[in-house]
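Reviewing the structure listed below.
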Protein chains: 2
Amino acid sequence: MAKKDKKSKKGTGKKSAGKKGAKKGAAKKQSLEPKPVKIGKGAPVSEIAHDFVAMFNARAGDQAIWDKWFSKKLVSIEGFGQQWEGMKAVKAKAEWWNANNTVHSCVCQGPFVGATGFAVRFTADIECKADGKRATVEEIAVYRIHNGKVVEEEFMGQCPEM
Amino acid sequence: MAKKDKKSKKGTGKKSAGKKGAKKGAAKKQSLEPKPVKIGKGAPVSEIAHDFVAMFNARAGDQAIWDKWFSKKLVSIEGFGQQWEGMKAVKAKAEWWNANNTVHSCVCQGPFVGATGFAVRFTADIECKADGKRATVEEIAVYRIHNGKVVEEEFMGQCPEM
């Protein structure tokens, strides 16, 4: 392992003048000390995370949850590789999806609380209106927070191998 | 909802000349169209995700997994709000943690494959060497990928409420 340590602590110290640089720069210096994760002001992640799960399982509805905890600049990322930018686009996606699928049930398990956001596990019984195909879907949703609002959500799907 | 749509599609089109701007700018324009998620070149997320889980559950060891799939600039984020920047710092954290805890068992469930990375669920039987306290810990780990390497990992803990 020592072989991999190309930069000594001394070298890192010397360069600390440029410490104000981006995370990338800091990573290059490879300081051994941890740094506090910064996500701005506003409600702590744990509060948002627990309220999100409580509201979801109480069927408060997307609009109520969006209004309370989500940024207007929300970026929504789907596992298949596309992202919708801005609440208007995210709502359009949701409306399209709801028009094409019937959710017979959906349980939100969690939260799993992190430093930049939180994750939940969705277990949903979904039916495709077009072909009537019905399946139970397992998904992890990851929510990133800045200044007390969810600014990014990403849906990660369970694979058949599981 | 219409009330919330402050920018018409037409307005968005007019501004499309500046479309090369950062994600933030695009979010401001609130185009309804999704955009492809870009994570550089290299192995697809699904390949890295499945191999990570296979190697972990086969007990290949951290070093083998780091060498194969992780960036030297890895940023490791812990749920309590600290981040370690660079593989040297991440290894130091891991060594400290392993010196203070005994992992009697740890199962990695997943992967849950996303567009920017993947998530797994760890269920571990951990004993604190200092006080002999032993507990089963449930955690979601989220891995972000760029150019075929994991560049960020975040550990999100299960809360007592679950």
Side-chain angles (χ1 to χ4, degrees), chain A residues 1 4-7 23-24 26-37 45-46 49-50 53 63 72-89 91-93 109-119 121 138-140 142 154-159 161-162, chain B residues 1 4-7 23-24 26-37 45-46 49-50 53 63 72-89 91-93 109-119 121 138-140 142 154-159 161-162:
Chain A
M1 185 190 128
K4 292 179 176 284
D5 305 343
K6 285 169 188 159
K7 284 169 189 168
K23 184 185 288 180
K24 254 189 179 177
K28 275 176 194 159
K29 278 178 240 134
Q30 295 205 331
S31 154
L32 292 178
E33 302 308 317
K35 297 176 175 58
V37 176
V45 173
S46 59
H50 283 101
V53 173
Q63 191 61 64
K72 292 276 182 291
K73 293 178 181 173
L74 174 68
V75 173
S76 181
I77 303 169
E78 293 287 345
F80 53 81
Q82 295 277 301
Q83 64 183 41
W84 281 256
E85 300 173 348
M87 187 54 80
K88 183 179 172 183
K91 284 180 178 175
K93 175 188 68 159
Q109 182 192 34
F112 294 83
V113 179
T116 69
F118 64 96
R121 181 169 181 162
E138 294 279 342
E139 206 169 45
I140 292 285
V142 180
E154 180 166 0
F155 301 98
M156 301 179 172
Q158 185 184 40
C159 297
E161 287 83 341
M162 257 184 93
Chain B
M1 186 189 132
K4 292 179 175 284
D5 305 341
K6 285 169 187 160
K7 285 169 190 169
K23 183 184 288 181
K24 254 189 176 176
K28 275 176 194 160
K29 279 180 237 131
Q30 294 206 331
S31 153
L32 292 177
E33 303 307 320
K35 295 176 175 59
V37 175
V45 173
S46 58
H50 283 99
V53 174
Q63 192 62 62
K72 291 278 182 290
K73 293 177 181 174
L74 174 69
V75 173
S76 182
I77 303 169
E78 293 286 346
F80 53 79
Q82 295 278 302
Q83 64 183 40
W84 283 255
E85 300 173 347
M87 186 54 79
K88 184 178 173 183
K91 285 180 179 176
K93 175 187 66 158
Q109 182 190 36
F112 293 84
V113 179
T116 70
F118 64 96
R121 180 168 181 163
E138 294 278 343
E139 205 169 46
I140 292 284
V142 180
E154 180 166 0
F155 301 98
M156 300 179 173
Q158 186 184 40
C159 298
E161 287 86 339
M162 262 184 91

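We name chains A, B, ... by the order of the sequence lines, and we start the count at 1 in each one. Note that the structure is predicted; figures quoted are calculated from it, not measured.
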Practice prompt. Specify which of B/S76, B/A115, B/A49 makes the most heavy-atom pairs with chain A at under 4.5 Å.
Written response: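 Max contact count across the listed options: B/A115.
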
Worksheet item: Between A/K93, A/M156, A/E78, which has the largest tally of heavy atom pairs under 4.5 Å with chain B?
Response: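 Heavy-atom pair counts peak at A/M156.
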
Worksheet item: Between A/P34, A/P36, A/A119, which has the largest tally of heavy atom pairs under 4.5 Å with chain B?
Response: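 Heavy-atom pairs under 4.5 Å are most numerous for A/P34.
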
Item to complete: Might you point out which heavy atoms bring A/A92 and B/L32 nearest each other, and give the distance in Å?
Response: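 So the minimum-distance heavy-atom pair works out to CB-CD2, 3.9 Å.
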
Worksheet item: Atom CG in A/L74, atom CD in A/E85: separation rounded to 0.5 Å?
Response: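 Reported to 0.5 Å precision, the distance equals 10.5 Å.
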
Worksheet item: Tell me, side chain or backbone of A/T116 under 4.5 Å from chain B's heavy atoms, or both, or neither?
Response: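 Both parts, backbone and side chain.
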
Worksheet item: Quick one: what part of B/Q82 sits under 4.5 Å from any heavy atom of chain A, side chain, backbone, both or neither?
Response: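 B/Q82 touches chain A through backbone and side-chain heavy atoms alike.
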
Worksheet entry | Contacts of A/E139 that satisfy salt bridge (charged side-chain N to carboxylate O under 4.0 Å, His left out) - sequence neighbours left out |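 If we apply the salt bridge (charged side-chain N to carboxylate O under 4.0 Å, His left out) test to A/E139, skipping adjacent residues, there are no hits.
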
Discussion item. Test side-chain contact (heavy atoms from CB on, under 4.5 Å) on B/K35 and B/E33; report intermediate values, then the result.
Written reply: CA-CA 7 Å; B/K35 295 176 175 59; B/E33 303 307 320; over 6 Å; no

Discussion item. My understanding is that only residues two or more places apart in sequence, or in another chain, count here; which of them pass side chain to side chain donor-acceptor pair (under 3.5 Å) with A/E138?
Written reply: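 Applying side chain to side chain donor-acceptor pair (under 3.5 Å) to A/E138 gives A/R121, A/T123.
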
